[in-house]
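One structure below.
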2 protein chains.
Amino acid sequence: MEETDSRSTVEIVATAVTEAVRTGRLVPGQRLTESDFTSRLGVSRSSLREAFRRLTADGLLSAEPHRGVAVRQLSRPEVDNLFQVRGALEALAVKLALPALHRAPASLIDIQHGLDTAAEAGDMNRFSELNARFHRLFRETANNPLLNETLTRLSNSLYWLQFRILVDRQQVFETNRQHQRLTECVKANDASGAEAAMLGHIENARTLIQSLPDDHFAQVSTTRSD
Amino acid sequence: MEETDSRSTVEIVATAVTEAVRTGRLVPGQRLTESDFTSRLGVSRSSLREAFRRLTADGLLSAEPHRGVAVRQLSRPEVDNLFQVRGALEALAVKLALPALHRAPASLIDIQHGLDTAAEAGDMNRFSELNARFHRLFRETANNPLLNETLTRLSNSLYWLQFRILVDRQQVFETNRQHQRLTECVKANDASGAEAAMLGHIENARTLIQSLPDDHFAQVSTTRSD
DNA sequence: CTTATATTATTGTCGGACAATTCAACGTTC
DNA sequence: GAACGTTGAATTGTCCGACAATAATATAAG
């Protein structure tokens, strides 16, 4: 099973667990016992624990002393907090990326076209993927590794509900309309308009997620205070 | 030397290293070899490595594969990136904290008064401490643990130059004037004004730091791309 | 003096061991 | 029978020692 020895053991474990979470084999809130994973993946506890620690730092897992790690699942207020931060940072990304994107809007227009097509066709998977690329384009073009990294971590914290949103076709159209507005602002080099459009877009997603029933969120909000 | 056994070994190591960095015993860019610290602190490599990993996640240390960890020192562009992110988040903190601070401005006014006094007296240490409390007040009142945590991490990444700024008395007055403007906006419940004041304040600090000579920054900008 | 090789130092990974803590089953007492 | 404290197993926290993999340094050859 292991043919790629180029990566370190920790990386291998990390990607394996990430994939397991991504595909839903590990459900949100599920506890991950060390002995279980060391035997299944054939790695030592040292490597496993470091992988867990990294994934915890990345926001994919959550850890509690003497109780191990679990697949991260945010409570309702935690999701709210995350979207507040994400909104501010995505708006910043738009501001920073705008000059470059205005000069060379090819990739953006490309993605926008794909989004329109996917929305028309009702291809949710493709739309979801292009939606991610849409946001990634801004935060990568912003040319700020720290910003990119921080936003990526926030996205990771939301993997567990990636499946549950955008299920409504009506919502896909609304979401895409916001994308279009943002794209137009970029073409017109309208900085404040673009920022506002992105903020509104994030705010819309926040409202959408908050409208989900309780059982999608973590119960005992383990608001880990530092 | 250590009489507090209540904390875990990792915590003890983490605070010890943090203190060493804080007091300047460990200089920016200095490499921290494991064997050195295990023998000096009398802990195992396991605990030490986990402490290092935590401090790295907190932004105090930087790590490279097969090369261990070092006291974090940012390059000039990295500092710039950090201040862009910090500006957006501190502005968000102001926005979120404003209602509560407007209702109960006692603590803010208290700190502001202390800042004025310290600035007059030219007490740099006290001013610096109160300055930190000023910012902390906003991000703690914002009632968003994630935001608070993120901003704390950013601050940690800048410990290494905590000494080198605000050495100029002129600058202290200018900085304090910005604090006063922000405090006034809070009293007047002027949200956008307060946000702008904070952004300007951060921007000012950014410019101030960027004016420092090259040897205060990391040379080979290890822009750690993930 | 430059390049290539060998040595050394340091980190990465492993396995086992025991202590500390949590959680659940059990029995006692009222 | 229910509330309570106790015992025990399961799990994590920490330690030790060892070796492999890699990077840094020193040495030798051209």
Side-chain angles (χ1 to χ4, degrees), chain A residues 1-17 26-27 29-58 60-72 218-220 222 224 226, chain B residues 1-18 20 26-27 29-58 60-73 218-220 222 224-226:
Chain A
M1 197 177 287
E2 318 89 6
E3 56 217 18
T4 58
D5 298 333
S6 60
R7 301 175 304 173
S8 70
T9 305
V10 174
E11 290 234 27
I12 293 173
V13 174
T15 55
V17 174
L26 297 175
V27 301
Q30 180 174 346
R31 282 184 57 181
L32 278 52
T33 61
E34 296 179 356
S35 59
D36 191 4
F37 278 75
T38 52
S39 58
R40 197 183 310 170
L41 297 175
V43 298
S44 65
R45 274 184 73 197
S46 321
S47 305
L48 184 79
R49 284 169 66 86
E50 268 197 23
F52 278 179
R53 200 162 264 283
R54 170 186 294 190
L55 292 172
T56 302
D58 283 351
L60 207 85
L61 305 180
S62 64
E64 279 183 276
H66 290 284
R67 296 186 56 181
V69 301
V71 179
R72 185 109 122 117
Q219 275 68 344
V220 272
T222 60
R224 59 176 220 265
D226 52 321
Chain B
M1 208 178 292
E2 313 87 5
E3 56 217 18
T4 58
D5 298 332
S6 60
R7 301 173 304 174
S8 72
T9 305
V10 174
E11 290 236 25
I12 293 172
V13 174
T15 56
V17 174
T18 301
L26 297 175
V27 300
Q30 181 174 344
R31 283 184 56 182
L32 278 52
T33 60
E34 296 179 355
S35 59
D36 190 4
F37 277 75
T38 50
S39 58
R40 197 183 308 171
L41 296 175
V43 299
S44 66
R45 275 183 72 197
S46 321
S47 305
L48 184 78
R49 285 168 65 87
E50 269 198 21
F52 278 179
R53 200 161 266 282
R54 170 187 292 190
L55 292 173
T56 301
D58 283 351
L60 207 84
L61 304 180
S62 64
E64 280 183 275
H66 289 286
R67 295 185 58 182
V69 300
V71 179
R72 184 108 123 117
Q73 185 184 29
Q219 275 69 343
V220 275
T222 61
R224 60 175 223 267
S225 57
D226 52 319

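Here the structure is a predicted model, which is why all the values come from computation and not from measurement. Residue numbers start from 1 in every chain, and the chains themselves are labelled A, B, ... in the order their sequence lines are given, proteins ahead of strands.
- With hydrogens and angles ignored, the 3.5 Å screen pairs a side-chain donor or acceptor of Arg31(A) with a backbone N or O of Arg67(A).
- Note that CD of Glu34(B) and CZ of Arg45(B) are 4.5 Å apart. Values are rounded to the nearest 0.5 Å.
- Contact of the Leu32(A) side chain with the Val17(A) side chain is registered, since non-hydrogen atoms from C-beta on lie closer than 4.5 Å.
- One atom, CD of Glu50(A), and another, P of dG12(C), lie 7 Å apart when rounded to the nearest Å.
- Rounded to whole angstrom, the span from the CZ atom of Arg49(A) across to the C1' atom of dT13(C) amounts to 15 Å.
- Contact check, Arg45(A) against dG15(C): no side-chain N or O comes under 4.0 Å of OP1 or OP2.
- Looking at heavy-atom distances under 4.0 Å, Leu48(A) makes no contact with the nucleic acid at all.
- Closest contact between the side chain of Thr33(B) and the listed nucleotides dT22(C), dT11(C), dG15(C) involves dT11(C).
- Taking atom CZ of residue Arg67(A) and atom P of nucleotide dA10(D), one finds them 18 Å apart after rounding to whole Å.
- Between dT14(D) and Ser44(B), no contact under 4.0 Å exists linking OP1 or OP2 to a side-chain N or O.
- Taking atom CZ of residue Arg7(A) and atom P of nucleotide dT13(C), one finds them 12 Å apart after rounding to whole Å.
- Nucleotide dT14(D) holds its P atom 9 Å from the CD atom of Glu11(B), rounded to whole Å.
- With respect to Asp58(A) and Arg54(A), no salt bridge is recorded, no charged nitrogen being found less than 4.0 Å from a carboxylate O.
- Residue contacts shown for Ser46(A) include a base, since a base heavy atom lies under 4.0 Å away.
- Relative to the ring axis of Phe37(B), Arg40(B) places its NZ or CZ within 45° and under 6.0 Å from the centre.
- Taking side-chain N and O atoms only, Ser47(A) has a distance below 4.0 Å to OP1 or OP2 of dC14(C).
- Look at CD on Glu34(A): it is 15 Å from C1' on dC14(C), rounded to the nearest Å.
- Rounded to a whole Å, the CG atom of Asp36(B) is 12 Å from the C1' atom of dT10(C).
- Each of His66(A) and Val43(A) has a nearest nucleotide on DNA chain C; the 5'-most of these lies closest to Val43(A).
- As rounded to whole Å, 14 Å separates atom C1' of dA21(D) from atom CD1 of Ile12(A).
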